[in-house]
Amino acid sequence: MRILLLGGTTEARRLAGLAAGDHTVITSLAGRTTDPLRPAGELRIGGFGGVDGLAGYLRDADIDVVVDATHPFAATMSGHAVLACAAVGVPLLVVRRPGWTAGPGDAWHRVASLDAAAALLPRLGRRVFLTTGRQGIAAFAGLDECRFLARSVEPPTGVTPRNLEVLLDRGPFTVDGERKLLTRHRADVLVTKDSGGPAAKLVAARELGVPVLMVDRPPAPAAPAVPTADDAVIWLRTRAR
Ligand code: NAP
């Protein structure tokens with residue numbers, strides 16, 4: 001089968017590696033990262049030009065199946081995939097790892113958006129470990145009373161908070177490393193999106209008694225979904241028969 005794999009996540013890269021032996025896998029990246037890790041199979045980079053652009057691509061490239069393994073917060077791309085696949089009659093599968101759940105010892109505050117997180121933040125703490133990614137930093141720009149340590153893969157663009165230290169790094173991260181970061185910055189609050197997956201920073205925050213401001217996911221796309229790349233491989237196998 002010819003599979004368009006909407007990527008930009010570790011799970012998408014893993015799926016490309018698992019499926020490229022049996023199928024033609026074309027991974028699509030938005031082009032936000034200057035030096036992306038290369039997946040197995042083919043790679044295309046850049047937007048499609050909205051729903052119509054994606055529908056046209058699916059026809060022109062003779063795609064049999066689309067797998068949306070984008071980040072849970074890439075809601076625009078996921079929404080376009082639902083509409084374009086419906087328009088062209090191509091099946092769509094979503095790969096989405098489960099979100100995080102608070103356990104004993106966690107002090108989490110859930111909010112619906114980055115703006116809501118920025119509104120609540122000064123009441124929770126002033127020394128902030130901000131892990132919402134490069135595009136998530138601008139929402140906190142007005143908070144002069146807070147001091148931010150912001151971690152992202154690429155440097156932030158656009159407006160940023162006045163008191164900002166940027167740490168350029170890409171996971172995976174360890175609990176020990178996250179504990180050291182929180183301690184060095186004397187963080188009294190951690191801000192994160194509910195991305196799911198490895199949660200070293202959440203474990204470290206729990207151990208240190210640091211509260212967490214957790215931004216909820218946007219609604220899931222209206223399509224069948226599986227939690228892992230392995231489950232997606234099984235789904236693809238049944239489709240290929
Ligand atoms: P988004 O807001 O949902 O998408 C905005 C536009 O970017 C889309 O309309 C599309 O342009 C283009 N685009 C997004 N993902 C694409 C892909 N995989 N291939 C081709 N074009 C894509 O997306 P985003 O939140 O900026 O995320 C961009 C990429 O970064 C995604 O691949 C995502 O998996 C990855 N990522 C996002 C986050 C996050 O927190 N949002 C975190 C880690 C990784 P057109 O309309 O022109 O087609």
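The pair Arg96-Asp68 meets the salt-bridge criterion, since a charged nitrogen lies less than 4.0 angstrom from a carboxylate oxygen. A salt bridge is defined here as a Lys NZ or Arg NE, NH1 or NH2 lying under 4.0 Å from an Asp or Glu carboxylate O, and Arg162 with Asp144 meets this definition. Salt-bridge formation is not detected for the pair Asp62/Arg2: no Lys NZ or Arg NE/NH1/NH2 atom is positioned less than 4.0 Å from an Asp or Glu carboxylate oxygen.
The hydrophobic cluster containing Val111 does not contain Leu202, counting ILVMFWY residues as joined when their side-chain heavy atoms lie under 4.5 angstrom apart, directly or transitively. Clustering ILVMFWY residues whenever any of their side-chain heavy atoms sit less than 4.5 angstrom apart, transitively, puts Val90 in a cluster other than the one holding Val51. Criterion: ILVMFWY side-chain heavy atoms under 4.5 Å apart, direct or through other members. Under it, Met77 and Leu83 are not part of a common hydrophobic cluster. Residues Val88 and Val94 are members of separate hydrophobic clusters, defined by side-chain heavy-atom contacts under 4.5 angstrom among Ile, Leu, Val, Met, Phe, Trp and Tyr. No continuous path of ILVMFWY side-chain contacts below 4.5 Å connects Leu54 to Val25, so the two sit in separate hydrophobic clusters.
Looking only at side-chain heavy atoms (C-beta outward), Pro227 and Pro98 come within less than 4.5 Å of each other. With a 4.5 Å cut-off on side-chain heavy atoms, Leu181 and Phe173 do not count as touching. The shortest side-chain heavy-atom distance between Phe148 and Leu121 falls under the 4.5 Å cut-off. Taking the side chain as every heavy atom from C-beta outward, Leu58 and Val66 approach each other to under 4.5 Å. Between Ile234 and Asp230 there is no side-chain heavy-atom pair separated by less than 4.5 Å. Side chains of Val233 and Leu15 form a contact here, defined as non-hydrogen atoms less than 4.5 Å apart. Using a 4.5 Å heavy-atom threshold, the side chains of Glu11 and Thr228 count as touching. Under the 4.5 Å side-chain criterion, counting only non-hydrogen atoms from C-beta, Arg126 is in contact with Glu145.
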Quiz prompt | CA sep, side-chain torsions, deciding dist, call: Thr24, Glu42, side-chain hydrogen bond (donor to acceptor under 3.5 Å, both in side chains) | solution = CA-CA 8 Å; Thr24 301; Glu42 298 174 25; 5.4 Å; no

Quiz item: Stepwise, does the side chain to side chain contact (heavy atoms under 4.5 Å, CB included) test hold for Leu92 with Val82?
Solution: CA-CA 7 Å; Leu92 169 65; Val82 170; 3.8 Å; yes

Practice problem: In sequence, state the C-alpha distance, the side-chain angles, and the governing distance for Val128 and Arg147, and then conclude on side chain to side chain contact (heavy atoms under 4.5 Å, CB included). | Solution: CA-CA 6 Å; Val128 185; Arg147 187 161 286 278; over 6 Å; no

Quiz item: Could you go step by step and tell me if Thr9 and Arg14 meet the side chain to side chain contact (heavy atoms under 4.5 Å, CB included) rule?
Solution: CA-CA 9 Å; Thr9 60; Arg14 222 167 72 73; over 6 Å; no

Practice problem: Show your working on side chain to side chain contact (heavy atoms under 4.5 Å, CB included) between Ile3 and Asp64 and close with a plain yes or no. | Solution: CA-CA 6 Å; Ile3 301 168; Asp64 297 305; over 6 Å; no

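Proximity of a side-chain donor or acceptor of Arg44 to a complementary backbone N or O of Ile26 within less than 3.5 Å is not detected. Remark: side-chain polar atoms of Thr33 are not paired, donor with acceptor, to backbone N or O of Asp35 under 3.5 angstrom. A donor-acceptor distance shorter than 3.5 angstrom exists from the side chain of Arg97 to the backbone of Gly196, with no hydrogens or angles considered. Looking only at distances, no side-chain donor or acceptor of Trp108 sits under 3.5 Å from a matching main-chain atom of Gly103. Between the side chain of Asp194 and the main chain of Val215, no donor-acceptor pair closer than 3.5 Å is present. Side-chain atoms of Arg127 do not come within 3.5 Å of backbone N or O of Cys146 as any donor-acceptor pair. Of the possible polar contacts, none joining the His185 side chain to the Phe129 backbone as a donor-acceptor pair under 3.5 Å is found.
In terms of heavy-atom proximity, Ser28 sits nearest to Gly46 at OG-O, 4.4 Å. Closest heavy-atom contact between Ala205 and Leu190: CB-CD2, 4.0 Å. What you find for Ile45 and Gly31 is that their closest heavy atoms are CG2-CA, 3.5 Å. Nearest heavy atom pair, residue Ala40 against residue Gly17, reads CB-CA, 3.9 Å. Residues Ala187 and Val210 come closest through the heavy atom pair O-CG2, 3.7 Å. Contact record, Ser195 with Phe73: N-CE1, 4.3 Å, taken as the closest heavy-atom pair.
Around CZ of Arg110, the count of heavy atoms belonging to other residues, nucleotides or ligands within 6.0 Å exceeds 12.
Note that the OG1 atom of Thr101 and the CE atom of Met214 stand 9.0 Å from one another [nearest 0.5 Å]. Going from atom CG of Leu114 over to atom CG of Leu130 covers 8.5 Å, rounded to the nearest 0.5 Å. For the atom pair Leu5 CG and Thr27 OG1, the distance stands at 4.0 Å (nearest 0.5 Å). Rounding to the nearest 0.5 Å gives a distance of 6.5 Å between CD of Gln135 and NZ of Lys193. If you take CG on Leu213 and CG on Leu124, they are separated by 5.5 Å, rounding to the nearest 0.5 Å. Between the CE atom of Met1 and the CG atom of Leu236 there is a distance of 5.0 Å, given to the nearest 0.5 Å.
Under the side-chain contact (heavy atoms from CB on, under 4.5 Å) test applied with Arg134, the options Thr160, Val153, Val166, Thr157 reduce to a single match, Thr157. When each of Thr192, Val191, Leu149 is tested with Thr131 by the rule side-chain contact (heavy atoms from CB on, under 4.5 Å), just one qualifies, namely Thr192.
Among residue pairs with one or both ends in residues 172-184, those qualifying as side-chain hydrogen bond (donor to acceptor under 3.5 Å, both in side chains) are Arg151-Glu178, Glu165-Arg184, Asp176-Arg179, Asp176-Lys180, Arg179-Glu207; sequence neighbours excluded.
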